[in-house]
Amino acid sequence: MDVGMVSGVRDMIIAKDVHKWFDRLHVLKGVSLTVKSGEVVVVFGPSGSGKSTFIRTINRLEEHQRGTIIVDGIEMTNDIRNIHAIRQEIGMVFQQFNLFPHLTVMQNITLAPMWVRRWSREQAEQIAMDLLRRVGIPEQAHKYPAQLSGGQQQRVAIARALAMQPKIMLFDEPTSALDPEMIKEVLDVMTELAKSGMTMICVTHEMGFARSVANRMVFMDGGQIIEEGTPEQIFNNPQHDRTKLFLSQILH
Amino acid sequence: MTTTTTDTLGPPRTSLGVIGWLHKNLFSTWYNTILTLVALWFIYTVLSQLIVWALTAARWEVITANLRLFMVGPFPPEQVWRVWLVLCIVSTLMGLSAGAFGGTLRTFAVWLSAAYATLIVLDLLAEQARPFAAWSRQLAEGGASQFWIAVPGVVWLLVNLALVALGWYVARGRTRWRARLILAWLVSFFVTVALLQGYGRDTWLPEIGTNLWGGLLLTFMLAVVSIVVSFPLGVLLALGRRSKLPAVKIFCILYIELVRGVPLVTILYMTQIMLPLFLPGQLRIDNVTRAIAGMTFFTAAYMAENVRGGLQAIPTGQIEAAHAVGLNDALTTLLIVLPQALRMVIPATVGLFISLFKDTTLATIVALLELLGVGRSVLAQSEFMGLQMEVYLFIAAIFFVFSYAMSFASYRVEEALGVGKR
């Protein structure tokens, strides 16, 4: 089905020497990362390490000032058409869900497919129902976001992102704003998504999820990638002191 | 301790019922009791005198004798049927909307019907009216061609009452008609203007210049047109103020700040005197249009600031989420930002429109005969000298009724939109 799959694995995201400043503050200091199709990469690190900022540069929610970002063969430039082409390849899930409160769950999911992809309402709603079944909440389709629990809202947000049929999914601390008993339902959906072959970058501190699902883990601190490797390497044999310290703090 | 099996206790007796409420709110301490009694005495004195005056001393005939003037001003009496026809359109749409939408609009339809019924009763009771006798006399004198013109107010009111009821009956529960009804309201606005204005000189609908529009009719036209035009204008100005294009941004800021820094009266004078200077000579615009332009420019600036408040209250996460699913800037504004921002500013916007509605009275100073202007011209007649009390009370009552209706509608809309949302 996909040309890329025939020739085997290809590079979906290539970030090379990405720099970013907020005014004078240097928040990304030359981040380079290549993600292959079907790969699940977990990015972790202390707060302020630039991990959220980095994944937000991949779909241009933050502009990078130096370096190159290439998504599925399209280089990110200042051209608005380029940015739109890339954004349609990427789905994103936010810490605070960011569902549209004035629209029902169904409308949240069908909005972009109908207005951007120009699908008919029937087609969009059919796919939305399929996605809601996939994330396990088809019965909530006609409620408003505020009527749902946090876990349900985040699952709707995942369905909304998937509705545009992206090739890549970015997760920006998707479980950090959730009550503990709701984290699992979101992680289950993410695990299922990873097993289906989706290319994913997840900023998360859910180390159980990372251990069982991630192909690769990336530790960031101070705007740089300090260390990367498979979960076994990171958990069992971390090379850097900062990685060891951080892991010891969060794994207790 | 009680020995009942339930573990929930009823509230103490003193906090319940009328006695409890009175005790808590009016007679809780000795000084509150004194305050209550003094206030009661004061209210009683004022109200009783007002009521006695209204029922005995007041000469309400100044209102009844000039009712047509108050309603339509110097509009030609033989053409007043056009105004009645417009009212029929409004009644029909109101009835249909009450059926299709229910809720607040149904309440409004009930109010409207009650108003019609009251007016019918008053009309039939009024001695000088004898409406049907006058009608038959006029018909006898003028022949069948006078039929339209001579239809008495009572008949028109009855027709309107019937149209509200009929509209409601036909449309009740038909939610699919809603979109079409909104369109019909917009169309009716243009039909109204066309119908009142007319065209040509010796046609079936001769042109009636806006200088002949007056009374409540003119007040409504000023308010409705200004509101309808200033709303989109204000939204555009608010969006322009946040634009990334410096020229647009600076223009919008200048416009908003300049207009907000000037009193409405000044703007009205300026549009009366200066607008004709700027426009090419052959383009003649009348007083009413100029006044409407002034009010629209003025209200749009305030509207823009209201909307800006709403726009600023939208979390950036909303815009990021819209961008992330692939919406461009225009769609993000149209589908995500504006619907939420406008909902947030409903109370402020309705407040603005209420004050605009009342500010239409300022048009009297540029020689327009809207409701207050008619009131003053009525008071200038020698037979009605010194009846300020009656006239101004009547005008105040009319303004209150419509302002309150707007305020009421806004509360209901807020409630309806707030359900199940954040």
Side-chain angles (χ1 to χ4, degrees), chain A residues 52 55-56 58-62 80-81 83-105 107-118 140 142-148 153 156-157 159-166 168-172 177, chain B residues 103 175-176 178-179 182 235 238-239 242-246 248 306-307 309-349 410 412-422:
Chain A
S52 281
I55 72 163
R56 286 157 61 87
I58 295 170
N59 68 346
R60 211 11 123 81
L61 291 183
E62 303 289 355
I80 191 79
R81 282 166 301 182
I83 295 172
H84 274 290
I86 290 175
R87 278 178 180 163
Q88 292 184 29
E89 307 252 314
I90 302 177
M92 184 156 190
V93 176
F94 300 88
Q95 182 179 357
Q96 300 293 343
F97 328 137
N98 293 353
L99 293 178
F100 306 129
H102 62 300
L103 301 176
T104 62
V105 165
Q107 289 166 334
N108 263 280
I109 299 172
T110 57
L111 186 79
M114 283 170 64
W115 285 89
V116 181
R117 293 254 194 259
R118 296 268 160 208
Q140 312 288 355
H142 299 290
K143 289 191 182 167
Y144 285 94
Q147 294 168 295
L148 306 184
Q153 290 191 48
V156 172
R160 178 177 70 179
L162 290 174
M164 287 294 281
Q165 303 188 322
I168 300 160
M169 285 286 281
L170 305 176
F171 291 84
D172 187 2
Chain B
T175 46
R176 285 176 176 277
R178 287 178 180 182
I182 291 169
V235 172
L239 292 174
R242 288 160 53 104
S243 169
K244 287 173 201 142
L245 307 170
V248 175
N306 277 354
V307 174
L311 292 176
Q312 280 174 340
I314 304 296
T316 48
Q318 289 289 308
I319 296 160
E320 287 178 355
H323 282 160
V325 292
L327 298 179
N328 59 28
D329 283 338
L331 285 178
T332 301
T333 304
L334 203 65
L335 300 173
I336 305 302
V337 178
L338 273 184
Q340 297 185 57
L342 292 182
R343 198 175 68 196
M344 262 183 248
V345 299
I346 290 173
T349 303
S410 112
R412 295 286 288 260
V413 170
E414 277 169 60
E415 268 172 39
L417 288 177
V419 176
K421 302 170 193 180
R422 73 170 170 191

Exercise for review: Return yes if some donor-acceptor pair links the side-chain N/O of A/Asn98 with the main-chain N/O of B/Gly317 below 3.5 Å, else return no.
Suggested key: yes
Practice item. Spell out, as yes or no, whether a donor-acceptor pair under 3.5 Å connects the side chain of A/Gln88 to the backbone of B/Leu327. Key: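 Not a single qualifying donor-acceptor pair exists.
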Exercise for review: Mind checking salt bridge (Lys or Arg N to Asp or Glu O under 4.0 Å) for A/Arg118 and listing every partner two or more places apart, or none if nothing turns up?
Suggested key: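 Residues passing salt bridge (Lys or Arg N to Asp or Glu O under 4.0 Å) with A/Arg118: none at all.
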Review point. Among all residues two or more places apart in sequence or in another chain, which pass the salt bridge (Lys or Arg N to Asp or Glu O under 4.0 Å) test with A/Glu62?
Key: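 Residues passing salt bridge (Lys or Arg N to Asp or Glu O under 4.0 Å) with A/Glu62: A/Lys20, A/Arg56.
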Review point. Relative to chain B, which of A/Ile80, A/Leu111, A/Ile86 shows the most heavy atom pairs under 4.5 Å?
Key: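 When all of A/Ile80, A/Leu111, A/Ile86 are compared, A/Leu111 has the most.
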Check your understanding: Top residue by heavy-atom pair count (under 4.5 Å) with chain B, among A/Glu89, A/Gln95, A/Lys143, A/His84?
Key ->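 Sorted descending by pairs with chain B, the first entry is A/His84.
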Review point. Roughly how far, to the nearest 0.5 Å, is the CZ atom of A/Arg60 from the NE2 atom of B/His323?
Key: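 Separation between the atoms: 12.0 Å.
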Revision key, fill the gap. Here the gap from B/Glu320 atom CD to A/Asn59 atom CG, rounded to the nearest 0.5 Å, amounts to 9.0 Å
Exercise for review: Go through B/Asn328, B/Ile319, B/Ile336 and name the one with the most non-hydrogen pairs under 4.5 angstrom from chain A.
Suggested key: B/Ile336
Check your understanding: Looking at B/Ala321, B/Gly326, B/Ala322, B/Pro339, which makes the most heavy-atom pairs under 4.5 Å with chain A?
Key ->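 So the answer, after comparing B/Ala321, B/Gly326, B/Ala322, B/Pro339, is B/Ala321.
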Part of [X] lying under 4.5 Å from any heavy atom of chain B:
X        : answer
A/Phe94  : side chain
A/Ile90  : backbone
A/Leu170 : neither

Check your understanding: Which answer fits B/Leu335, side chain, backbone, both or neither, if we ask what part of it has an atom under 4.5 Å from a heavy atom of chain A?
Key ->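 Its backbone and side chain both get close to chain A.
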